[in-house]
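Worksheet for the structure shown next.
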Amino acid sequence: MAGPAKAKDDLHPAVDLLIERLRSHYPDMSGFTVVAMTGRSRDFLHHLVHSRIGGLLPTILSFDDYKTRRIAESTGRIAVPEDEAFLRFHALRCREEGLSLPPADSQRLLSFLTTIAEFSVSIEELRALDRIGPEQLDRIDCFFATLEAFRACLASQGLFYPPFEAAWFADLAPGEGDFFVGLPLMTPVNQRFFSLIPRERLFVEAPLFGPHMPTEPPEYETALSLVRRIGIVERRSTTGEGFGFTELAERAALPALLAHEIDAFLREPHIDGEQLFIVPLDERLSFYLWKFLFHPLGGQVNFAPWLPFTHFAAAHRLREAIHGGKGLAAVRRELVAELTARWNELDEADHSAFEGAITLCDALERLRPLMGDEWSQLAEYLIAVKKLRLHGKRNAPIQVVGLGDATGIPYQRAIILPMNSGIFPQKPFSGPYLNMIHLPRIYRTQYEADDLSLRQFLSFGHTTHVAALYDQVTGEAPSPHFAFLATEFGRSAVKRLIAPAPFCVPTGILTIENTDELKEQIQRHTWSFSSLKRFFTCPCRFILEEIQGVTPPPCFEEEEHANLLIGDFLHRFFAQLKGHPPAVERWRERFDKSWERDEDLQAKLPDQAVRKAIVLSHLADIAAWEKETGRLLLFSDDVTAAELELRAPFGGGRYKLKGRIDRLQLQGERQLIADLKYKEKNKVSEKGRLIDRLEETDSFDDRFQLIIYAYLALYNKRATPNRLDATHIFLRPRVRGDYEGRLAEEDLAACDATLDRIAERLDRMLALERFTPNYRSDGCAYCPHKALCLKPDLYRTGGRPW
Ligand code: SF4
């Protein structure tokens, strides 16, 4: 039943009511159990009860722990912790399939099965979905068989994995002394349990809706439908006052906005206990924001989100020790000794990381019997996925929290960001043969839960600032939810261009004098396609990177960085595939092993499982196409050389050239230089000769790379004139079968002349008195040296010209 609208100041947080109830049993409340049903709010709830009542506290549990305890009581079995369940599940799969599988693959399947078990998805429901073919039916049967085999295997040892036993919970009712705070994710099982909770033992914060939210639930999804369905009290803001919405033009403005807000908050006089709550919605930003913004603020901040363990030195030490076959006991001793000796000089996060590494040593030792021959691979995987939690103070003036962490705690101001598509509300669940299209009920439930958490949080603030990014080049756009919310609260989003303060100061333009010394350094340089491209399009970038050796900070390594890592891996993969004919048949079996064993990918590539699936689908498409057409290009067995490094002089010996040719292969009577590119095929202008494009100042056509390779191969007598072709192979084709970018015969024939013209252009540039940046050059938008060359709009990469 929906409650009447209330004014903001009338409302007491539901937690206050809980505390009043408990207080009547003070000082001994140990006979009660309080269950925090929303997100990760258990710790905040514990803090509130502890600090506001004291005495013998009730047991305070998260909803997951409560469910696990109840299932254990009713089955008489013992719950298996998450890590152990994963290892047992992985071992079962490897046993059943008779081969060693990548751990990430098992993790992906385990979370998929967890979702379908939590949402009580039956095999019949999945089989009856549209667009499910016979091969997929087999896989669905296989998923459920694996799930049942895992349950049976655990049951035979008196164990259970809680998410897979959710059905047990459906038959249970709340215990007599149990109080419940918040709303759980309304899966069918949770919804049934929720309906059995007596209202006097249920404490739910009323969510806040804006003045323009329709009275009745609208067509689109909102928490209002959920609230009405389950009958909890709701609140309405009458004016929308206190809410602000901002659109930022780039990611670098996020810390700038936060710094500005924190500064303003800390400068203002405050009544004791007033707090600023910051909710970073994108978990990927947590380490970045912590490192550059929150960490320097020390004890003024309580940072509640998780941090990735792998970013810390202790994690590297542990991983290297495992990699090098060093015993865990020895690493543990070293870590303990170092932590003790350096305690005072390490900061709080390093303490956590060291403690985390030491506990992980113990856990790995304990779990070792479950890891069998794959011990080191699994141990490295567990290190990679481990998260750290810092122990801050709940009364610090700045609280950085996740949504659902802190519902019910009044705050002075909140900043929620970035409310972008795919970040909030979170992306719909998508697994093999199960996604939002197939099972909209899962998406709807998650969406409503996210929206409800947000609105419950909004209930307790005096003012709230919601920000989103609108960066068209990087594809970051505010989510429709951001726009709905602004409209609902009667506010329009303000577009702000905020740049980090230190970068606002410089003005002017970078000018690099072409001194004799610099001239000589450039003259001596051994040119490659990429260095020529840099020098011709922006000589300043070339000098910064290749002469002065300036390297960009790691925070600039983003999506392109991931694609580069994959591209490098594919070069290695296809180079070693050369010795394993028939490549078109055997590539698949070798791919998984190569991927899992590739140290670079394992150490640096984020979202591996998803990226691997994407790469695999592109390669599988190309392989199928080549088999169908009988024209083996990428999967050719006639590769005569791979990763061929060649050098040659050019321009009459004035300059030096180098290049690494991905592959030389035979095609009938002819030889082919093939260069692999992990990107989509780019459109090239077929008009005119390539050599005539050599004087362009803003771009350097990719086809010059093939010309350079052909020149190197011919000069080094690795190819025969008139029998040579050259092509790019694009490994992410947009259109099936369209993945080749072959160099025109006429352009190839002009190979020597083109190199002469390149030398002439170098001569002319070397004679210049000074070099200046070229803001119109290709790649300038993504260049990491904008602060050095003083590009006027700094880190802005495009988007609307505000
Ligand atoms: S930002 Fe643009 S102009 Fe500046 S160095 Fe990089 S590529 Fe050159």
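As the structure lists them, so they are numbered: ligands from 1, and atoms in each ligand from 1. Quick note: numbers below take in every heavy atom, side chains included, and nothing from hydrogens, waters or symmetry partners.
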*Could you walk me through whether Glu740 and His728 pass the side chain to side chain donor-acceptor pair (under 3.5 Å) check?*
CA-CA 6 Å; Glu740 196 184 347; His728 284 306; over 6 Å; no
_Test side chain to side chain donor-acceptor pair (under 3.5 Å) applied to Ser699 and Glu696, step by step_ = CA-CA 6 Å; Ser699 62; Glu696 286 174 6; 3.2 Å; yes
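Ring geometry for Phe573 against Phe569 counts as parallel: the plane angle stays under 30°, on a 0 to 90° scale with 60° as the upper cut.
Of the charged side-chain nitrogens involved, none lies within less than 4.0 Å of a carboxylate oxygen, so that Glu247 and Arg496 do not count as a salt-bridged pair.
Not less than 6.0 angstrom separates the ring centroid of Trp306 from the ring centroid of Phe287.
Relative to the six-membered ring of Phe277, Arg413 misses at least one condition, a distance below 6.0 Å or an angle of at most 45° to the axis.
For atom 2 (Fe) of ligand 1, the tally of protein N/O/S atoms lying closer than 2.8 Å stands at 1.
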